[in-house]
There are 2 protein chains.
Amino acid sequence: MELTKIPTLPKFTGGESREERTLSREPLDKSAFKQVIRKMNLKVTDQRLLILSALHEGRTHVTAQEVYEIVSAKDPEIGFATVYRFLRTLTEHHFVTEVRMGGLPARYEMTPQSHHDHLTCVSCGKICEFENHEIEALQEKVASQFGFELTSHVLELYGVCPDCQKRKKAKASFGN
Amino acid sequence: MELTKIPTLPKFTGGESREERTLSREPLDKSAFKQVIRKMNLKVTDQRLLILSALHEGRTHVTAQEVYEIVSAKDPEIGFATVYRFLRTLTEHHFVTEVRMGGLPARYEMTPQSHHDHLTCVSCGKICEFENHEIEALQEKVASQFGFELTSHVLELYGVCPDCQKRKKAKASFGN
DNA sequence: CTATCAATGAAATTCATTTTCATTAAAGGG
DNA sequence: CCCTTTAATGAAAATGAATTTCATTGATAG
């Protein structure tokens, strides 16, 4: 029986301030980014290198606007459309994954090596990532029962995080 | 062990033309719609009754634009904003469920009595509905492991439907 | 029947996203 | 290294869904 993978400290990637963890990936140098761009048959430009490094070093789940602000700090000449276009291209080539919730602006993250889904607090916006092979297996099973070849899925759980549960209880008792 | 519920005929709700099945609910009369509106502490208007009947009789997963066109046919005076506003209100009160896929316009359906998730064909847009209690149970488990109280979830599976698989194979062999 | 206040319709607005187009610059061959 | 080709860029305009505004209309309680 496969167990749900639970990190020793829940990966709360965010909080009231919408801060998220910074990624601690192995440092990818410029030439690695160039490889990525060349794999897509695109020309290597400073703008694209900047965007990739922003995605790589920055926090996960950034909006296009946020990426634009990050790269603008290093090169004020860079255009918004360039960021948008490249994010779309990266998404189409699956180097980046687009996450959309409700009608909010799309958020982007480097496509994670190990697939994960999201558990989001409806009260404060915290995002926990999780991975559950049992659920994945059942999804495959459902698809195959309908004769589908599964290509991808979106699983977003919404709930109230422990902190917000406490906060609500505190407020409730204060109110009485 | 709970089995995935599979209808005798897969509920293919759509096809190339984006047609979807019409619902065969027990006929709700006007007074039932009035009840729904009154439950929300809203005033009963002809427009709202029209919108409800369009949602009830029409196909599932309609866009606001489609609802507008349906009700326009019966009452050309009706405004787009009225449709939008009422769909939002219905959604907030959980009488209607909003489904968003990618950046496409939101689609609405009467909130299903038995919860179901969607299996969508990325090639032709067909939507199959399914229900899997094992997956639901595992979702609860994951949430509780993070200390969350689960309030809702979105599970969308994407794949290639049997028809499109055949079509692609046919095209491939024709090409050689 | 009348007053009150929500609901409506038309149009304007917002905001994310996408496209246009003139200019700039990457990459490959000489 | 220079030139040519063609893609990439940046600014601005365009698009399109969603939302809001506001003057008018109409539902409902008394």
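Inter-axis angle, ends of the helix from C:dC1-D:dG30 to C:dG30-D:dC1, five pairs per end, rounded to 10 degrees: 30°.
Annotation for B:P162 and A:F146: closest pair CG-O, 3.5 Å, computed over non-hydrogen atoms. Considering every non-hydrogen atom in both A:V71 and A:A54, the closest pair reads CG1-CB, 3.8 Å. Taking both residues in full, the closest heavy atoms of B:R107 and B:H61 are given as NH1-O, 2.5 Å, listed atom of the first, atom of the second, then distance.
Annotation: side chain to side chain donor-acceptor pair (under 3.5 Å) contacts of B:Q139 (sequence neighbours excluded): B:H153. Partners of A:T97 according to the side chain to side chain donor-acceptor pair (under 3.5 Å) rule, which considers only residues two or more places apart in sequence or in another chain, are A:T111. Residues that satisfy the ring-ring contact (aromatic ring centres under 6.0 Å, His included) test with A:Y68, not counting sequence neighbours, are A:F80. Applying the side chain to side chain donor-acceptor pair (under 3.5 Å) test to A:Q165 and every residue at least two apart in sequence or in another chain returns nothing. Residues passing the ring-ring contact (aromatic ring centres under 6.0 Å, His included) test with B:Y158, sequence neighbours excluded: none. Among residues two or more places apart in sequence or in another chain, the side chain to side chain contact (heavy atoms under 4.5 Å, CB included) test is passed with A:R88 by A:E92. Residues that satisfy the side chain to side chain donor-acceptor pair (under 3.5 Å) test with B:E149, not counting sequence neighbours, are absent from this structure. The side chain to side chain contact (heavy atoms under 4.5 Å, CB included) search around A:L104 returns none, not counting sequence neighbours.
Between A:F33 and A:H56, a ring centre-to-centre spacing shorter than 6.0 Å is recorded.
Straight-line distance from the CD atom of A:E66 to the P atom of C:dA16: 11 Å, rounded to whole Å. Rounded to whole Å, atom P of C:dA16 lies 11 Å from atom CD of A:E69. The interatomic distance linking A:E92 (CD) with C:dT18 (P) rounds to 9 Å, in whole Å. Summarising the geometry, the separation between CZ on A:R88 and C1' on C:dA16 is reported as 13 Å, rounded to the nearest angstrom.
Running 5' to 3' along DNA chain D, contacts with non-hydrogen atoms of chain B at under 4.0 Å begin and end at D:dA17 to D:dT28.
A:A106 comes within contact range of the sugar-phosphate backbone alone, with a heavy-atom separation under 4.0 Å but no base atom that close. Residue B:Q65 is out of contact with every strand shown, counting any heavy-atom pair closer than 4.0 Å.
Between B:P105 and A:N41, the residue anchored nearer the 5' end of DNA chain D, judged by the nucleotide with its closest heavy atom, is A:N41.
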Which protein N or O atoms sit under 3.5 Å from an N or O of nucleotides 23-27 of chain C?
unit_1: C:dA26; atom_1: O3'; unit_2: A:V44; atom_2: O; d: 3.4
unit_1: C:dA27; atom_1: OP1; unit_2: A:V44; atom_2: N; d: 3.1

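Considering OH of A:Y108 and CD of A:E98, their distance stands at 4.0 Å, rounded to 0.5 Å.
For DNA chain C, the residues of residues 77-86 of chain B within the heavy-atom distance limit of 4.0 Å (strictly under) are B:E77, B:I78, B:G79, B:A81, B:T82, B:R85, sorted by number.
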